[in-house]
Amino acid sequence: MNEINQSILTLILLTPLAGAVLVALVPDRLKLPNWIALLTALVTFGLTLHLPAHFALGQSGFQFEINRQWIENPAIFYHVGIDGLSLWLVVLTGLLAPVGVLASWSAIAERRKVFYALFLVQQTAMFGVFISLDLMLYYGFWELSLVPMAILIAMYGRKNGPKAAVKFFLFTFIPSAPLLVAILWLYTRTNSFDLITLQHYIALGLIPAGALFWVALAFLFAFAVKVPVFPLHGWLADTFSEAPVALAMVVAGKLGLYSMLRFHVGLFPEQARAVAPYLIALAVVGILYGACLALVQRDFWRLLAFAALSHLSLIVLGIYGFSFTGWNGVVYQILSHGVVDGALFLLLGALYGRYGTSQINAYGGLAAKLPHTATLFVIASLAMIGLPMLSGFVGEFIILSSTFSGVSRGWAIAASLGVILSAAYMLWLVQRLFYGPESKLAASKPPEDLHFHEWVALWPLALLMLVMGIAPSFWFPSIQTGVHPPPQASLQIPASNSSRGEGQQ
Amino acid sequence: MNPVPGIFRILPEVILTLTGVGVMLIDATLPPGWARRPLGWVAALGTTLALWASLWQLSLPAGTGFSATVETSPFTVFFHVLICGIVLVALMLSLDTLPEDSHHQGEFYALIVFGAVGMCLLTGAVELLLVFIALEISSISTYVLAGYRKNTGRGPEAAIKYFLLGSFATAFLLYGIAMIFGATGTTQIYEIARQVPSAPNHLFVLAGLALMLVGILFKVSAVPFHVWTPDVYEGAPSPVVALLSTAPKAAAFALLLRVVYEMFPTLHSLWTPLLWIVAVLSMTVGNLAALRQQNVKRMLAYSSIAHAGYLLAAFAGLGTSGIAAASFYTAAYAAMNVGIFAVITLVSGYDEALPLIQDYRGLIYRSPLLGSLLIFFLVSLVGIPFTGGFFGKFYSFSAAVGGGAIWLAIIGLLNSGLAAAYYLRLALVAAQRSEDEKSQAAVAAPQVGIAVGAALLLAVAATLVLGIVPNEVLRAAEAGAHTLQVPPAPDATPAITTELQQNPQR
């Protein structure tokens, strides 16, 4: 078992890649690429489940660590490991991979090899981002994740794929330029790309604070675009309307939010605290702005995009509230958002596949004809709104209450408005899509409820929303080991970290 | 220690020369009707031998031969191997794509090999007159190669433009050499380095340095000496451009490294800002111009100007790190650029029936292999991690940051974001399904022959190796950088200096 523990992260990283190569080699017949991709995704998911099963609770620091030299000069290490922060994100990524394959099962009909190969490469890149503890390695995966995404949006975009792909790519690629310079600058000061070593140096104040402010800002900028934080959300709506369902599920949120927690707040606590008030303000603006725009959208992809902006901004608010409970809620909300958004994308993708339009007013009265779709859509919408007993409630409640007590009542109340608005636009969407008089479009097509593969993909997600809403205590103990208390307390560096930091010099 | 016979110091050049002469002689004696294609294989074989010979030179003690005019050291071996590799790929590329009926095939292969002689010699020369001769050897063959498609309008235009501007630049270089000789009384690079700090006529040295830089920067097509690049790339046959955009540049960068780091290290504070400005200009002008191009080769020409800028950013680095970064970048750039021109040769054909970006629409559907390769090389040119292009940029900009030029790195990386826009445009066009299926069917999928296949495989492998396991190459580049920093002791006293000492007329 110990041997598996020592190589499990490498396995998780390489399995999708191997699957991608296999997909590229087999002939495109008999849905062979689909099956290989599904099998790879399931195996990978199985591997990720190994992590929570053998995760040592209450042990701070990173687990399943691997630390080997990759490049000699400059010293880049293949340093991977997970803690409570990344543990469940890795599992979530693993879970969404088979879901994504199932979502594309019949939606992607041509060039399946390219699609599934790139989809699996994307998985590797995402796992890489979550487990890397070396800044260059992390940056590598971060950038790598853009390429399959951009190509797939361009190739499988619904109407104007290439334009959306260019927008997405440039929006996320250009901010990574300052990020790379910042990483390189840190290296020239410390001779290390290692997260733990750098954390140590920065906490000890070995790096001049004036420059560090800019370095931290460069990090933040790259992450804020990726999340996205208002006003950097320009790419989101186009990407959501064009990206294939399987990829739209993964594009927003997770990567950027995780990076904020780990590499901005985690690495530069002082600097992050200094900019926190601005980010809180932007987050609240984002919550309300996203919600208001979601209310007036006529296209359900765009509605979902602005809803995502609103919900992700709430998570950003939690991150920069700098409270321990808030951060727990943040991690939980990222997970919940991943599940809920995944389900919503899948369902809307199913509708789009059947009726060929994303115009909301073309729909209506589908509930009677597609009962399963309607049921699941309602569950997912309620989870998104944050109804108690469903997954969205827990995180949202924690974030809002910690904002209320820790940051300011005003901001918390303003943010709560977003929750009310979210109920408005989601329920209105449900009403317009599934209830009311049957539209011409709905009448013109034979009813076609969820296919078996969609059904298989959706029910586990729905179940998960329910379980996450009822029994959050299953997740919190492991999340708590990864979320460190806010910086006043963490200025004292654990002994193990400091010795490691010096050892690597 | 026995002195190494001088001939060993130039063994790769000798092999290449013999190959070139052999190819020309066989070509002349073959009856007119016979296929000339096997000559290409002869040339490729000779180039492979030269590559091995230069690797073998690593076992020699680093030092100079022929009265301290040529050097062998890890530095020269690095560039020899690189140039021979590029030439080999270019030869293989030409083997499958040159039309069978063109009756100058023999000369074509010979010229490529002769060009390689000049480029290899250029990287090894530590004597400015030899530098000049080597530059001329390489330039004259490339002038001819650029105009190889002489029945088209653009071929001769390219050749004449290249020739006129190129000889002008070489004249600058020569004038610079003369000035430096005037100031220091020698043309041996180590000697010059020793004399420069105490040179009586410092102004001459400065003028010489400036003039030499003009000549060299022309060869690497850095702004403001770049105007020839798009026209020449557009007019020359694609396999030649694959060679032209990489090998002579690699050689010229080797020379630039030698001139600034070995010959004028004491003038560091003088040439660093100059190269800083040229680097920023090159990347910005190159990228902005590339954004507006419709012709793929012109776009890549401007992109190569931008890449020269990224590479020049490495010169802001301190000593070893800067040299190693520049050397590494040369290799990475060569791998991906040769690769993409190989793809372009196959897609648009020798006659370039499909020169525009729009003509690449749906390439990935027409030919999945070429389409994927095109996207792969473009991704590397953008500088996405796990490809050679990323580590090239990474080392270049980390050298710059290490040297304190943070702004240069930021400008450079923002530029690479700008560059992503036009690389991506081509990649996305290739990934897009064309509107009318009929015109697609009319364009036959290009055939990939054995030689071209091998060339592509080499380019892909090199790009991936440089992106995933670059340690070996990096070590080689660093070893080279060390020899450039601490020149090996010359085996013999430089000839010209001795002569001067004997006749002290000046």
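All values reported here derive from a predicted model rather than from experimental measurement. Labels below follow one simple rule: chain letters A, B, ... track the order of the sequence lines, proteins then strands, and each chain is numbered from 1.
Of the atoms belonging to A:Ile76, it is side-chain heavy atoms, and not backbone ones, that fall under 4.5 Å from chain B. For B:Leu474, the part lying near chain A is the side chain, with the backbone staying farther off; criterion is any non-hydrogen pair under 4.5 Å. For a residue to count as touching a neighbouring chain, one of its non-hydrogen atoms must lie under 4.5 Å from one of that chain's; by this rule B:Ala420 touches chain A with backbone and side chain alike. With a 4.5 angstrom heavy-atom cutoff, B:Leu424 touches chain A only via side-chain atoms. For A:Pro74, the parts sitting under 4.5 Å from any heavy atom of chain B are the backbone and the side chain alike. The part of B:Arg475 that comes within reach of chain A is its side chain, from C-beta onward, which places non-hydrogen atoms under 4.5 angstrom from that chain. Only the side chain of A:Leu170 comes within less than 4.5 Å of a heavy atom of chain B; its backbone N, CA, C and O stay farther away. With a 4.5 angstrom heavy-atom cutoff, A:Val147 touches chain B only via side-chain atoms. In this structure, the portions of A:Phe141 lying under 4.5 Å from any heavy atom of chain B include both its backbone and its side chain.
The side chain to side chain donor-acceptor pair (under 3.5 Å) contacts involving residues 318-329 of chain B comprise B:His307-B:Tyr329, where partners must be two or more places apart or lie in separate chains.
The ring of A:Trp70 has its center closer than 6.0 angstrom to the ring center of B:Phe391.
In this structure, A:Phe193 and B:Phe394 have tilted ring planes: the angle between them lies in the 30° to 60° band.
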Listed pairs under 3.5 Å, donor-acceptor, residues 369-388 of chain B side chains, sequence neighbours left out:
residue: B:Ser372; atom: OG; partner: B:Pro368; partner atom: O; Å: 2.5
residue: B:Ser380; atom: OG; partner: B:Gly389; partner atom: N; Å: 3.2
residue: B:Thr387; atom: OG1; partner: B:Ile384; partner atom: O; Å: 2.6

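Put simply, the side chain of A:Met155 reaches to within 4.5 Å of the side chain of B:Ile364, judged on heavy atoms.
Between chain B and the options A:Phe173, A:Trp185, A:Tyr139, heavy-atom pairs under 4.5 Å are most frequent for A:Phe173. Top candidate by heavy-atom pairs under 4.5 Å with chain B, chosen from A:Lys113, A:Glu143, A:Met136, A:Glu72, is A:Glu72.
Pairing each heavy atom of B:Leu428 with each of A:Ala150, the nearest pair is CD2-O, 4.2 Å. Counting all heavy atoms, side chain and backbone alike, B:Ser398 lies closest to A:Leu184 at CB-CD2, 3.3 Å.
A distance of 10.5 Å separates CG in B:Leu318 from OG1 in A:Thr188, rounded to the nearest 0.5 Å.
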